[in-house]
Amino acid sequence: MLSVERMTTAGPSPRGGLAGRLMPPQTLWDNVLATLDDVARRLQLDPDVLAVLREPERELVVNIPVTMSDGRVEVFRGFRVQHSSARGPCKGGIRYHPDVDLDEVRALAALMTWKCAVVGIPYGGAKGGVSCDPAHLTEHEIRSLTRRFVGMIMPVIGPNRDIPAPDVNTNPQVMAWMADEAAAMPGRSSIGIVTGKPVSLGGSLGRREATGLGVAIATRELLHRRGQPLEDTTVAIQGYGNVGMAAATFLHQMGCPIVAVSDISGALYAAGGLDIPTINRHVQAHPRFLLEGYDQPGLERLSNDDLLTCQTDVLIPAALERQIRADNALAIRARVVVEAANGPTTPEADAILNERGVVVVPDILANAGGVVVSYFEWVQNLHGLFWNEAEVNRNLEHIMTSGFDRVWRFSGENAVTLRTGANMLAVKRVADAVRDRGMVR
Ligand code: NAD
């Protein structure tokens, strides 16, 4: 069992000055900097290297004019932030959401740097986004927005420079439009310019399920080390989209009873275990891919809040950021939390869980399966290869299990949580690359 320790508060921030020292972290970027400062202190990192890592390498802001279906022109703000290319070309998704802003994209870019480093794939970190509400855009408007956006960020992306992928509200179709737009530009026709493409256009088999499979592997590895048999370990999953459904499917196949699942339509609970294959068929046949309307004997309906605190051994948040907070962390009954979503636990809630002895597998490790198979897609594209699904999953299994093992051993040896251990390993790898490149003396 790992020792219990608390997250420290933010150190001095070049952006925040004295206020940054006195105020609690406010934004995801503040949290990222606070974590980096804490890790730098633990690693006794060279201050020059820390100064490099505290600032993204490049930030591009674009204003994207789109002619809407009613003939009006609307101007959307888009971003591409490259946090670090010290370990290789930058890698990270593109998010379409009303809350997207420069600070959020900056934070998510830095998390991509640590995620690629912790599992040892040769990428740096980037992220992109457009501030828009896709629920209120037609398909034609999303296509026009995507094509114009990729044209405007083209000067900074490329298969050997920065490779976008899908994220919240973007998907293989959006990636196909991006790859096609890029191909229309002279000298830019490489299919490896984005990943997460449809298989018909150079996408990889296994990419759609990769994040959920990685989550299931990380859960299995932890349970093995705790001596907990999978068939005796109950699991609750918040969010039944790409990641949640795949995680449920693989954990069910591994033998775990999945006792609760939820999506925006509500939560389902069955103490004896849910019938996951039947639920999957129900969701795939639902017009909006929801759990709504599903029934089975012994089923109870819960609120989304109740799912987080239901009776379960393992809780897997696979929906949104900031779901486990100071106001509900004390009520969580699971002894293990596996972070499938990005940033589902606030720093305050993380401290509460640590104090209560709840083991948290951090997002940068637990959900790395997606970027790992994006890496496989890029490798296949650059070399003109096409791997079968078994080969993709075998290689994913190897990278996830060795990544988990390294974080587990390092955290145990240094008596820190898995989150701190993962962050320390990741930052050390990036710092070594910064130094080896001669970016600092
Ligand atoms: P998705 O849009 O396919 O699914 C999200 C699910 O969450 C949906 O079922 C939605 O109904 C549900 N949901 C939304 N709000 C909810 C609420 N309040 N309570 C319960 N359910 C709710 O998204 P996804 O691709 O599965 O991504 C989920 C998370 O995983 C995000 O944080 C994303 O950043 C992260 N992630 C995804 C990938 C990937 O490869 N897709 C990789 C790494 C991390």
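All values reported here derive from a predicted model rather than from experimental measurement.
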Please report the C-alpha distance between Arg41 and Asp37 in whole Å, then the side-chain angles of each, then the deciding distance to 0.1 Å, and finally whether the salt bridge (charged side-chain N to carboxylate O under 4.0 Å, His left out) criterion is met. CA-CA 6 Å; Arg41 186 180 52 74; Asp37 289 338; over 6 Å; no
Show, in sequence, the C-alpha distance, side-chain angles and deciding distance for Asp162 and Lys91, and conclude whether the salt bridge (charged side-chain N to carboxylate O under 4.0 Å, His left out) test is met. CA-CA 6 Å; Asp162 178 1; Lys91 188 87 188 81; over 6 Å; no
- Task: Could you give me the CA-CA distance, side-chain angles and deciding distance for Met254 and Thr219, then say whether side chain to side chain contact (heavy atoms under 4.5 Å, CB included) is met?
- Result: CA-CA 10 Å; Met254 291 174 187; Thr219 308; over 6 Å; no
Q.
Let's go through Ser402 and Asp405 carefully: what are the C-alpha distance in whole Å and the side-chain angles of both, what is the deciding distance for side chain to side chain donor-acceptor pair (under 3.5 Å) to 0.1 Å, and is it a yes or a no?
A. CA-CA 5 Å; Ser402 50; Asp405 189 56; over 6 Å; no
Given side chain to side chain contact (heavy atoms under 4.5 Å, CB included), test Thr417 with Val360 step by step and report yes or no.
CA-CA 8 Å; Thr417 62; Val360 180; over 6 Å; no
Show the numbers, then the answer: is there a side chain to side chain contact (heavy atoms under 4.5 Å, CB included) between Val105 and Val100? CA-CA 7 Å; Val105 176; Val100 164; 3.8 Å; yes
Decide salt bridge (charged side-chain N to carboxylate O under 4.0 Å, His left out) for Arg435 and Asp48; before the verdict, give the C-alpha distance in whole Å, the side-chain angles of both, and the deciding distance to 0.1 Å. CA-CA 10 Å; Arg435 223 180 351 259; Asp48 290 344; over 6 Å; no
| request: Begin from the C-alpha positions of Glu221 and Thr401 and carry the test side chain to side chain donor-acceptor pair (under 3.5 Å) through to its verdict. | output: CA-CA 7 Å; Glu221 291 301 299; Thr401 50; 5.6 Å; no
(request) Would you please test Ser204 and Val392 for side chain to side chain contact (heavy atoms under 4.5 Å, CB included) and show each step? (result) CA-CA 8 Å; Ser204 179; Val392 170; 3.7 Å; yes
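Side chains of Asn395 and His398: no donor on one and acceptor on the other come within 3.5 Å. For Ser69 and Glu141, the side-chain atoms include at least one donor-acceptor pair closer than 3.5 Å. Using modelled atom types, one finds no donor on one side chain facing an acceptor on the other under 3.5 Å when comparing Arg207 with Thr195. Side chain to side chain, Glu57 and His83 fail the donor-acceptor criterion of an N or O pair below 3.5 Å. Between the side chains of Glu339 and Thr345, at least one donor N or O lies within less than 3.5 Å of an accepting N or O. A donor-acceptor pair shorter than 3.5 Å cannot be found between the side chains of Asp167 and Thr170. In summary, the side chains of Thr146 and Glu181 do not present any donor paired with an acceptor at a separation below 3.5 Å, with no hydrogens or angles considered. Between the side chains of Asn342 and Asn367, at least one donor N or O lies within less than 3.5 Å of an accepting N or O. For Ser303 and Asp305, the side-chain atoms include no donor-acceptor pair closer than 3.5 Å.
Within a 6.0 Å sphere centred on CZ of Arg288, other residues, nucleotides and ligands contribute 12 heavy atoms or fewer. Around CZ of Arg148, the count of heavy atoms belonging to other residues, nucleotides or ligands within 6.0 Å does not exceed 12. Shown here is Phe289, whose CZ atom has no more than 12 heavy atoms of other residues, nucleotides or ligands within 6.0 Å. Open room surrounds CZ on Arg77; 12 or fewer heavy atoms of other groups in view lie less than 6.0 Å from it.
Look at Arg106 and Asp103 and you find a salt bridge, because one of the NZ, NE, NH1 or NH2 atoms lies within 4.0 Å of a carboxylate O, short of that distance. Taking 4.0 Å as the cut-off between side-chain N and carboxylate O, Glu74 and Arg72 count as a salt-bridged pair. For Asp46 and Arg441, the salt-bridge test fails: no basic side-chain N is under 4.0 Å from an acidic carboxylate O.
With sequence neighbours excluded, the residues forming a ring pair (Phe, Tyr, Trp, His ring centres under 6.0 Å) with Tyr123 are Tyr375, Trp378, listed by chain and number. For Glu397, the salt bridge (charged side-chain N to carboxylate O under 4.0 Å, His left out) criterion is met by Arg220, not counting sequence neighbours. Considering only residues two or more places apart in sequence or on other chains, His97 meets the ring pair (Phe, Tyr, Trp, His ring centres under 6.0 Å) condition with none of them. Remark: Phe376 engages Trp387 in a ring pair (Phe, Tyr, Trp, His ring centres under 6.0 Å) (not counting sequence neighbours). For Arg325, the salt bridge (charged side-chain N to carboxylate O under 4.0 Å, His left out) partners at least two apart in sequence or on another chain are Asp327.
In this structure, the side chains of Leu111 and Lys115 stay at 4.5 Å or more apart for every pair of heavy atoms. Side-chain contact check for Cys132 versus Leu145: some heavy-atom pair is nearer than 4.5 Å. Contact check for Leu251 versus Val314: no side-chain heavy atoms found under the 4.5 Å cut-off. Between Met175 and Asn171, every side-chain heavy-atom pair lies at or beyond the 4.5 Å cut-off. With a 4.5 Å cut-off on side-chain heavy atoms, Phe79 and Ile153 do not count as touching. Counting heavy atoms from C-beta outward, Leu33 and Arg54 have side chains that approach closer than 4.5 Å. A heavy-atom distance below 4.5 Å is found between the side chains of Trp114 and Leu53. In this structure, the side chains of Leu137 and Val66 stay at 4.5 Å or more apart for every pair of heavy atoms.
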Show me the donor-acceptor pairs within less than 3.5 Å that the side chains of residues 237-244 make with the rest of the protein, sequence neighbours left out.
from: Gln238; atom 1: NE2; to: Gln323; atom 2: OE1; distance (Å): 2.9
from: Tyr240; atom 1: OH; to: Asn280; atom 2: OD1; distance (Å): 2.6

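From Leu50, atom CG reaches atom CG of Leu45 across 6.0 Å, with rounding to the nearest 0.5 Å. Put simply, CE on Met112 and CD on Gln82 are 13.0 Å apart, with the number rounded to the nearest 0.5 Å. Expressed to the nearest 0.5 Å, how far OG1 of Thr312 lies from CG of Leu307 amounts to 8.5 Å. For the atom pair CG of Leu425 and OG1 of Thr420, the computed distance is 11.0 Å after rounding to the nearest 0.5 Å. For the atom pair Asp180 CG and Leu201 CG, the distance stands at 7.5 Å (nearest 0.5 Å). Here the straight-line distance linking atom CZ of Arg95 with atom NZ of Lys127 works out to 5.5 Å at 0.5 Å rounding.
Between Ala86 and Ala433, the closest heavy-atom pair is O-CB, 3.7 Å. The minimum heavy-atom distance between Lys197 and Asn381, with the atom names listed, is NZ-OD1, 2.8 Å. Nearest heavy atoms, Ala179 versus Ile193: CA-CG2, 4.2 Å. Of all heavy-atom pairs spanning Gly214 and Leu396, the tightest one is N-CD2, 4.4 Å. Considering every non-hydrogen atom in both Val416 and Gly421, the closest pair reads CG2-N, 3.7 Å. Annotation for Ser84 and Val430: closest pair OG-CG1, 3.9 Å, computed over non-hydrogen atoms.
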